[in-house]
Amino acid sequence: MKNRPCLFVSFLLILFVSELHAQQKISTPDLSKVKDKKTWTIYNRSITFRDGVVHLDGKDDDGLLYLKDLSFSNGRIELDIKGKNDPGRSFVGLAFHGLDNNTYDAVYFRPFNFKNPERNTRSVQYVSHPTYTWNKLREEHPDVYENKLTTVPDPEEWFHVTILIKYPEVKVYVNNESKASLTVTQLSDRKKGWIGFWVGNGSEGFFKNLKITPD
């Protein structure tokens, strides 16, 4: 009977340590420091930060902003993204398992296709650069690495993205939907690497609320 208080305290301590460990696994990078070159790397874009939002401007070719020292393997990545309803000029998403400025996997969105009945099956795209570009995948594997969205957002508004990675499987969910909008098998042999915001040729993008939960 005398040992019960000690056992109860031990039980509470175990719960506290377990909860603390779980909280420590979740990473919420400080986006206000995106211009800190010791932490972030910018490629082919200029950055602005205001009110919790990271903005990458539009230029020719793809652009990246990624965390230099974070090596992500498997887990859950969440963020909010906003592009625009401008055909052929809004490609916005997230790159992962990155090695350098040209070598990475990515999931990105074409907001201008979200509500286009003739092109909505090209709303979300997986690529693995530099080898497996969108045009190569579309030509050689049509309708495999791109798809329409299960939940269709306004192309001019923010939408929430959840990417679940368990190498080699990648699942993409939009606005907390229960069914994945895209499920693919990764084409690269990289099982870990950096994570970053991605914008395509001629595109600007807005990003906020990045949260990383590794397995």
Side-chain angles (χ1 to χ4, degrees), residues 19-43 45-58 62-86 90-98 104-112 114 123-126 149-166 170-182 192-200 203-215:
E19 178 65 20
L20 181 62
H21 177 69
Q23 291 176 358
Q24 288 174 336
K25 290 180 65 178
I26 299 174
S27 174
T28 53
D30 185 354
L31 299 183
S32 69
K33 297 181 179 180
V34 289
K35 292 187 178 182
D36 182 356
K37 295 182 179 180
K38 295 180 181 180
T39 306
W40 296 83
T41 294
I42 184 69
Y43 171 71
R45 286 298 186 274
S46 295
I47 323 164
T48 57
F49 176 83
R50 183 177 180 181
D51 298 331
V53 176
V54 176
H55 173 242
L56 302 184
D57 65 349
D62 299 341
L64 291 163
L65 173 63
Y66 59 88
L67 283 159
K68 296 171 64 173
D69 298 326
L70 175 66
S71 183
F72 175 86
S73 180
N74 294 319
R76 180 187 190 99
I77 306 169
E78 295 183 69
L79 73 160
D80 295 320
I81 300 176
K82 187 170 73 167
K84 55 185 179 180
N85 193 16
D86 188 356
S90 186
F91 309 97
V92 287
L94 183 122
F96 59 95
H97 290 180
Y104 52 84
D105 286 12
V107 168
Y108 70 89
F109 300 85
R110 303 181 180 99
F112 52 87
F114 287 176
S123 293
V124 56
Q125 173 84 53
Y126 162 85
L149 301 184
T150 303
T151 301
V152 183
D154 186 319
E156 294 280 357
E157 298 296 333
W158 288 98
F159 57 97
H160 186 73
V161 177
T162 302
I163 303 173
L164 302 182
I165 301 170
K166 189 172 184 179
V170 176
K171 290 186 175 183
V172 184
Y173 299 83
V174 171
N175 286 345
N176 301 308
E177 59 197 359
S178 58
K179 179 182 178 182
S181 286
L182 184 69
K192 63 181 180 179
W194 53 250
I195 289 174
F197 304 129
W198 181 96
V199 286
S203 302
E204 64 176 333
F206 300 84
F207 307 88
K208 64 181 180 179
N209 298 331
L210 176 63
K211 183 168 72 172
I212 304 161
T213 309
D215 283 349

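Excluded from the calculations below are hydrogen atoms, water molecules and symmetry mates; all remaining heavy atoms, backbone and side chain alike, are included. Everything numeric here is computed off the predicted structure, so don't read it as measured data.
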query: Hey, are the side chains of Q125 and R110 touching, using non-hydrogen atoms and a 4.5 Å cut-off?
result: yes
- prompt: Got a second to check how far S46's OG is from L65's CG, nearest 0.5 Å?
  reply: 11.0 Å
Validation row: T39, K33 side chains within 4.5 angstrom (heavy atoms): no
- prompt: Any side-chain heavy atom of H97 within less than 4.5 Å of one from I165?
  reply: yes
Nearest non-hydrogen partners of G200 and R45, listed with the distance: O-NH2, 2.9 Å
field: Gap between atom CG of D80 and atom CD of E157 - 0.5 Å precision
entry: 12.0 Å
message: If I take atom OG1 from residue T41 and atom CG from residue D36, how far apart are they, to the nearest 0.5 angstrom?
response: 10.0 Å
- request: May I ask you to test the L149-F109 pair for a side-chain heavy-atom distance under 4.5 Å?
  value: yes
query: Got a sec: does the NZ of K208 have more than 12 other heavy atoms crowding it under 6.0 Å?
result: yes
query: Within the side chain of T162, is there an N or O that forms a donor-acceptor pair under 3.5 Å with the backbone of E78?
result: no
- line: Taken to the nearest 0.5 Å, the spacing of T48 OG1 from D57 CG works out to 8.0 Å
message: Restricting to non-hydrogen atoms, name the atom on Y43 and the atom on D62 that form the minimum distance, rounded to 0.1 Å.
response: CE2-O, 3.9 Å
field: W40 side, atom CH2; L70 side, atom CG - distance, nearest 0.5 Å
entry: 9.0 Å
message: So if I apply the side-chain contact (heavy atoms from CB on, under 4.5 Å) rule between F197 and each of I42, L210, V92, I47, which one comes out positive?
response: L210
query: Hey, are the side chains of L94 and V107 touching, using non-hydrogen atoms and a 4.5 Å cut-off?
result: no
message: Any non-hydrogen side-chain atom of I212 less than 4.5 Å from a side-chain atom of L67?
response: yes
query: What's the shortest heavy-atom distance between V172 and E177, and which atoms?
result: O-OE2, 3.8 Å
task: Run the numbers on W158 and V53 for side-chain contact (heavy atoms from CB on, under 4.5 Å), then give the verdict.
output: CA-CA 11 Å; W158 288 98; V53 176; 3.8 Å; yes
statement: ring-ring contact (aromatic ring centres under 6.0 Å, His included) test vs W194 passes for just one of F96, F72, Y66, namely Y66
query: How long is the span from the CG atom in N209 to the CD1 atom in I81, to the nearest 0.5 Å?
result: 11.5 Å
query: Will you find, in the side chains of H160 and N175, an N or O donor that is under 3.5 Å from an N or O acceptor?
result: no
- prompt: Is a donor on one side and an acceptor on the other found under 3.5 Å between the side chain of N74 and the backbone of D215?
  reply: no
- prompt: Is the shortest heavy-atom distance from the side chain of V34 to the side chain of F207 under 4.5 Å?
  reply: no
message: Parallel, tilted or perpendicular, judged at 30° and 60°: which one describes the rings of F159 and F114?
response: perpendicular
task: Of all the heavy-atom pairs spanning P111 and G83, show the shortest one and how long it is.
output: CG-CA, 4.1 Å
- request: Could you tell me whether K211 atom NZ has more than 12 heavy atoms of other residues or ligands within 6.0 Å of it?
  value: no
Ring geometry between F91 and F112 (parallel below 30°, tilted from 30 to 60°, perpendicular above 60°): perpendicular
- line: For Y173 and A180, the nearest pair of non-hydrogen atoms, with its separation, is CE2-N, 3.3 Å
- request: Please report the shortest heavy-atom distance between S32 and D30, naming the atom on each side.
  value: OG-OD1, 2.5 Å
query: Do the non-hydrogen side-chain atoms of E204 and K84 ever get within less than 4.5 Å of each other?
result: yes
